[in-house]
There are 2 protein chains.
Amino acid sequence: MEEELLGSPAPILRPVRHGNAFEETIERLLQNIKLGLFGVGTKLPAERELAEMLGVSRATLRDALAELQKAGYVEVQRGRYGGTYVCSRPPAGSGSYPELDPAEVDDVLTFRGVLEPAAASLAARATLSPAQRGHLLRALAEVASAPANLYRPKDARFHVAIAEVAGSPSLALAVADVRSKVSDLLDRIPLIQPNLEHSNRQHQEIVDAILRGDDEAAFKAAQDHLQGTASLLHGFLGHSQPEVSPQSTAPQR
Amino acid sequence: MEEELLGSPAPILRPVRHGNAFEETIERLLQNIKLGLFGVGTKLPAERELAEMLGVSRATLRDALAELQKAGYVEVQRGRYGGTYVCSRPPAGSGSYPELDPAEVDDVLTFRGVLEPAAASLAARATLSPAQRGHLLRALAEVASAPANLYRPKDARFHVAIAEVAGSPSLALAVADVRSKVSDLLDRIPLIQPNLEHSNRQHQEIVDAILRGDDEAAFKAAQDHLQGTASLLHGFLGHSQPEVSPQSTAPQR
DNA sequence: AGCTTATGGTCTTATTTCATACCAATACCC
DNA sequence: GGGTATTGGTATGAAATAAGACCATAAGCT
């Protein structure tokens with residue numbers, strides 16, 4: 001509607017850098033915290049290591065950490081065996097949330113609907129090492145036993161774990177990315193906790209299918225599971241979007 | 001094998017910035033040229049615009065352009081109606097190609113096998129505007145009529161075009177990205193031109209399926225099409241990888 | 001011919017980011 | 001209790017990048 005300067009839809013001229021390194025480092029750290037990669041109460045890697053991991057100078061990293069500290073996401077302790085710790089209570093009212101953008105919601109949900117079922121299917125097809133099995137089961141157990149206020153990070157971590165064992169690093173990255181966007185969207189709407197049990201049952205189904213190598217069932221189970229989030233977000237948009245058809249990315253027959 | 005420090009497979013700590021802005025700008029421009037986004041002989045946007053599009057200062061952009069010019073990818077003309085033009089003959093022997101990394105090949109092909117069929121399926125399910133139809137058909141025609149030495153960019157452009165009309169910008173970005181990696185891989189092996197006709201027939205099939213709204217057929221056709229590239233690359237790796245099963249990411253029924 | 005104008009070419013300055021070295025604290029170890 | 005090693009805290013100079021002004025060129029226009 002707003003823009004149809006097609007002919008050359010120019011999608012790929014995305015910026016080389018998004019903002020400055022400082023802001024992007026904050027973003028990245030926050031993303032990892034929200035994704036549950038850094039569990040609550042755990043210690044982040046030492047500044048020198050973390051800076052190298054993020055490909056950023058220690059000065060820049062420290063600026064970012066200072067910001068996170070000021071916002072109450074992490075606490076810092078000096079001296080040997082000190083470090084930066086993830087606060088257990090993420091700051092509640094983090095200010096005014098931006099509105100949900102319908103186009104963005106659609107985009108994220110669509111992309112997720114492509115990636116995650118495929119990841120589950122690939123994971124089922126792959127022969128998993130014992131370590132990978134353990135990783136998956138651990139993530140499953142953690143989300144199942146998570147208290148309500150920590151559910152989302154654990155949930156995110158679980159979904160990323162599936163992609164991690166799917167065997168394609170690129171896919172895992174993409175899933176982590178889109179999942180983090182989903183978390184962002186969910187953070188903008190009040191936390192109604194409709195049916196964690198249902199969700200956990202679906203998680204179990206996905207893992208079961210993966211472990212018994214049933215790629216078809218894993219694909220389907222993942223797809224079903226995403227429906228919940230999709231409905232929730234679409235519901236909040238008011239306009240009752242046509243729900244994703246049950247076979248969104250897969251051919252029927 | 002080499003690394004199993006699992007327990008926390010730490011996939012998501014990717015660097016915030018990859019190298020410096022200068023190198024990344026070169027990379028991005030080269031990618032767009034190879035993807036055929038800037039057709040041969042066409043004029044790039046003016047430096048001031050291009051710099052803004054890429055989110056980079058004009059100085060940095062100019063450094064990058066100078067490098068591309070030195071390497072023979074573009075030519076520059078001053079004065080009004082001047083500009084930076086894409087050379088028709090990309091420099092041939094661009095030096096020693098790095099070896100094909102089997103893990104990378106697998107990763108890219110797997111990820112592509114997830115994205116592109118899904119994109120085709122989504123495109124078929126979407127109701128395309130006349131402009132989008134035109135865009136798709138134009139891309140199809142261009143690749144079909146491309147001379148051998150320009151086949152790959154046009155081919156890449158076509159595949160990206162499918163993703164563009166699929167309705168998810170994120171998906172389009174991801175496809176462009178992975179397709180660019182495929183091009184990189186293909187550039188490292190001698191150009192045997194086995195069966196352009198076959199490839200073009202498959203392109204036609206995909207578009208037909210999309211235009212008549214048959215998502216199932218579109219998915220399948222795209223999947224079949226990717227098999228060719230996969231076999232080619234796997235063949236060059238020597239070890240006859242188990243080929244992607246025909247129903248790689250989709251359940252049957 | 002001369003003017004206009006959009007473009008690449010050059011220069012200067014401010015800001016960001018990096019790299020490095022060094023200081024300060026503090027829990028463990030002997 | 002004192003040593004030690006690891007960690008966050010601080011400072012400084014170099015390099016990269018950005019932002020902006022201005023010059024040079026050359027095609028079109030009058």
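Every chain is numbered from 1, with letters handed out A, B, ... down the list of sequences. Not measured: the values here are computed from a predicted model.
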>> Taking salt bridge (charged side-chain N to carboxylate O under 4.0 Å, His left out) as the definition, give me every residue that meets it alongside K154(B), ordered by chain and number, with sequence neighbours left out.
In response: E142(B)

>> Going by the rule ring pair (Phe, Tyr, Trp, His ring centres under 6.0 Å), which residues pair with F111(B) if we only count those two or more places apart in sequence or in a different chain?
In response: none

Does [N] have its OP1 or OP2 closer than 4.0 Å to a side-chain nitrogen or oxygen of [X]?
X	N	answer
S57(B)	dT17(D)	no
R62(B)	dG9(C)	yes
T60(B)	dA16(D)	no

> Do L109(A) and L226(A) pass the side-chain contact (heavy atoms from CB on, under 4.5 Å) test, and can you show the C-alpha distance, the side-chain angles, and the key distance before you say yes or no?
Replying inline: CA-CA 8 Å; L109(A) 291 181; L226(A) 300 196; over 6 Å; no

Pairwise N/O distances under 3.5 Å, protein to nucleotides 24-28 of chain C:
unit_1: dA24(C); atom_1: N3; unit_2: R78(A); atom_2: NH2; d: 3.3
unit_1: dT26(C); atom_1: O2; unit_2: R80(A); atom_2: N; d: 3.1

>> Using heavy-atom distances to pick each residue's nearest nucleotide on DNA chain C, tell me which of A59(B) and E49(B) is more 5'.
In response: E49(B)

> Does the base of dG20(D) carry an N or O that pairs as donor and acceptor with the side chain of R48(B) under 3.5 Å?
Replying inline: no

> Going by the salt bridge (charged side-chain N to carboxylate O under 4.0 Å, His left out) test, which pairs reach into residues 46-61 of chain A, not counting sequence neighbours?
Replying inline: E47(A)-R58(A), E47(A)-R62(A)

>> With the threshold set at under 4.0 Å for non-hydrogen atoms, list the residues of residues 19-27 of chain A touching DNA chain C in residue-number order.
In response: N20(A), A21(A), F22(A)

>> In terms of relative ring orientation, are H203(A) and H159(A) parallel, tilted or perpendicular, with 30° and 60° separating the classes?
In response: perpendicular

Return all side-chain donor-acceptor pairs below 3.5 angstrom for residues 78-87 of chain A, not counting sequence neighbours, or 'none' if the list is empty.
none

